[in-house]
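All residue numbers refer to positions in the sequence shown, counting from 1. Everything numeric here is computed off the predicted structure, so don't read it as measured data.
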Amino acid sequence: MTADQAEQVSGLLKAIADPVRLRLMSMILSHQGGEACVCDLNDAFDLSQPTISHHLKVLHQAGLLDREKRGTWVYYKAKPEALSAMNTLFATAGRQPS
């Protein structure tokens with residue numbers, strides 16, 4: 001892994017290191033069509049809607065999620081390039097650095 005790749009992936013890992021954010025990513029990825037509305041996610045947590053929105057904002061700012069406003073709701077979808085960076089990390093974790 002190059003230094004640039006490590007820098008990129010470390011920011012992603014920091015964002016999903018929180019248990020709530022990790023669960024949110026899992027829920028979005030497993031939701032039908034790979035996207036979910038905030039309204040689909042709130043009931044799974046004993047947290048307020050603004051708190052869930054804050055966690056989603058952190059994931060979005062880290063580059064893990066795309067978001068799209070539709071009417072009064074915001075829909076979130078994982079960014080393929082972020083998932084690819086994470087896959088690269090785990091695929092190369094067992095290899096020796098060059």
May I ask you to test the [X]-[Y] pair for a side-chain heavy-atom distance under 4.5 Å?
X     : Y     : answer
Leu56 : Ile28 : yes
Glu68 : Val74 : no
Cys37 : Asp40 : yes

| request: Could you list all the side-chain hydrogen bond (donor to acceptor under 3.5 Å, both in side chains) pairs where at least one residue sits in residues 22-37, not counting sequence neighbours? | output: Glu35-Arg70
Side-chain donor-acceptor pairs of residues 41-48 under 3.5 Å, sequence neighbours excluded:
| from | atom 1 | to | atom 2 | distance (Å) |
| --- | --- | --- | --- | --- |
| Ser48 | OG | Thr51 | N | 3.3 |
| Ser48 | OG | Thr51 | OG1 | 2.9 |

Can you measure from [atom1] ([X]) to [atom2] ([Y]) and round to the nearest 0.5 angstrom?
X     : Y     : atom1 : atom2 : result
Leu59 : Met25 : CG    : CE    : 6.5 Å
Leu65 : Lys77 : CG    : NZ    : 11.5 Å
Gln61 : Leu64 : CD    : CG    : 11.5 Å

| request: Could you pull out all residues at least two apart from Ser53 that satisfy side chain to side chain contact (heavy atoms under 4.5 Å, CB included)? | output: Val38, Gln49
If you look only at distance, which donor and acceptor atoms sit under 3.5 Å apart when one is on a side chain in residues 11-18 and the other is two or more places apart or in another chain?
| from | atom 1 | to | atom 2 | distance (Å) |
| --- | --- | --- | --- | --- |
| Asp18 | OD1 | Val20 | N | 2.8 |
| Asp18 | OD1 | Arg21 | N | 3.2 |

